Undergrad: 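Sending over a structure as structure tokens; questions will come in a sec.
Just so you know, these numbers come straight off a predicted model, no measurement behind them.
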Amino acid sequence: MSMHYPVALFCYNRPDHLKRTIAALQKNAGAVETEVWFFSDGPAGEGNSASVDEVRKIIENVEGFKSVRVVKNEVNRGLAASVIAGVSAVLEQNDACIVLEDDLEAAPFFLDFINRGLSSYADDPDVFSVSGYCPPVSVPDDYPAEAFRFPRINSWGWGTWRNRWNRVDWDVKDFDGFISNKNSVKQLSLQGKDLPVMLLKQQTGKIGSWAVRFNQACFREGKTNIYPVKSLIKNLGTDGTGTHMKSSGKYRVQLSDGPLNPHPAYENSYISKAFREFYRPSLYRQLVNRIKIARYLQRLR
């Protein structure tokens, strides 16, 4: 029997998106047995104060869950710092948790899939997280399960365990050694050719990403992640309103119209190839990324 693990939901200044996220979550089976922690980031300047206040009025009056906790940051921490601190706080009190952001619309079967996955794979040393989002990649008709394995983590609606989360090195202290090793960079690129330069940007302060560091920990340990064959999460932030996401139709998905079983899940070469292709940058962008890495390596010498 699966547990009802708590949800950590991170929000900032988009009340309309947040309302849709909450409404979809309330329609999930198991919502009334679920504790939800809302983490509200503080405004980045006076221009965001009104929308942040509106968000806080919403989360202070939410019903439909077992219980609700509201954590307000007085200052703007940014998404990466908020997620790291918030998930860590929830996992101090729980063995596992589910993570959402304020622009994610969940199918009615999302909580069931993640909860069952967290229960099923809790003692599987190869699994690092359970994902609710699946990019629009094709799955072979003869694939025999409703979930699959891929070594890249997903940051849009997911769950993990305390004993995985606590193994992440958020400073990525071995980064210089990693980026200097051509074979290591090549192996990470098998999860997506965008990842090495994303990690470089993180480590040089160009971006602030908890996800690329979480993924690096998963990569370093040689772990994998569980995905549904059809997405249980739709990202509403691809409309261009988000801080980290430009307007794009690339990530648009049709949500699963029925429940999916996270166990069993297999690694499949056809799905893995499609997954890598989905995240492959253009040839021009790949060239630019190689130049950025080469320039960083020159400064190391």
Undergrad: Give me the atom names and distance for the closest heavy-atom approach of Q286 to P281.
TA: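 For Q286 and P281, the tightest heavy-atom pair comes out as NE2-O, 3.0 Å.
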Undergrad: Is it true that a side-chain atom of E35 and a backbone atom of K66 form a donor plus acceptor pair closer than 3.5 Å?
TA: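 A pair under 3.5 Å: no.
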Undergrad: Any carboxylate oxygen within less than 4.0 angstrom of a Lys/Arg side-chain nitrogen, looking at K193 and E277?
TA: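 Between E277 and K193 there is no salt bridge, as every charged N stays at least 4.0 Å from the carboxylate O atoms.
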Undergrad: Please check if the distance between the ring centroids of W156 and Y251 is under 6.0 Å.
TA: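 Centroid separation for W156 and Y251: below 6.0 Å.
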Undergrad: Evaluate ring pair (Phe, Tyr, Trp, His ring centres under 6.0 Å) for Y296 paired with F175, printing each intermediate quantity in order.
TA: CA-CA 12 Å; Y296 183 82; F175 174 71; 5.7 Å; yes
Undergrad: Heavy atoms only: give me the nearest R14-G237 pair and the separation to one decimal.
TA: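 That would be NH1-CA, 3.8 Å.
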Undergrad: Under the salt bridge (charged side-chain N to carboxylate O under 4.0 Å, His left out) criterion, do R152 and D194 qualify, and how do the steps go?
TA: CA-CA 11 Å; R152 179 179 180 137; D194 57 328; 2.8 Å; yes
Undergrad: Does one side chain, of S40 or R56, offer a donor that lies under 3.5 Å from an acceptor on the other?
TA: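 Side chains of S40 and R56: pair found under 3.5 Å.
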Undergrad: Before you tell me yes or no, could you show the steps for F10 and F38 under side chain to side chain contact (heavy atoms under 4.5 Å, CB included), namely the whole-Å CA-CA distance, both residues' side-chain angles and the distance that decides it to 0.1 Å?
TA: CA-CA 6 Å; F10 295 87; F38 287 97; over 6 Å; no
Undergrad: From the options Y133, Y227, F214, select the one residue that forms a ring pair (Phe, Tyr, Trp, His ring centres under 6.0 Å) with W158.
TA: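 Among Y133, Y227, F214, the one meeting ring pair (Phe, Tyr, Trp, His ring centres under 6.0 Å) with W158 is F214.
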Undergrad: Should D16 and R20 count as an ion pair when the cut-off is N to O under 4.0 Å?
TA: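 No, D16 and R20 are not salt-bridged.
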Undergrad: With a 4.5 Å heavy-atom cut-off, do T34 and N28 have their side chains touching?
TA: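 No, too far: nothing below the 4.5 Å cut-off.
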Undergrad: Answer with yes or no whether the side chains of Y12 and N48 bring together a donor and an acceptor at under 3.5 Å.
TA: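 Side chains of N48 and Y12: pair found under 3.5 Å.
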Undergrad: So that I can tick it off, tell me whether D41 and R77 are bridged by a salt bridge, with the cut-off set at under 4.0 angstrom between side-chain N and carboxylate O.
TA: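 Here R77 does not pair with D41 in a salt bridge, since their nearest N and O are not under 4.0 Å apart.
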Undergrad: Take L236 and L104, measure what side chain to side chain contact (heavy atoms under 4.5 Å, CB included) needs, and give me the verdict at the end.
TA: CA-CA 6 Å; L236 306 173; L104 301 177; over 6 Å; no
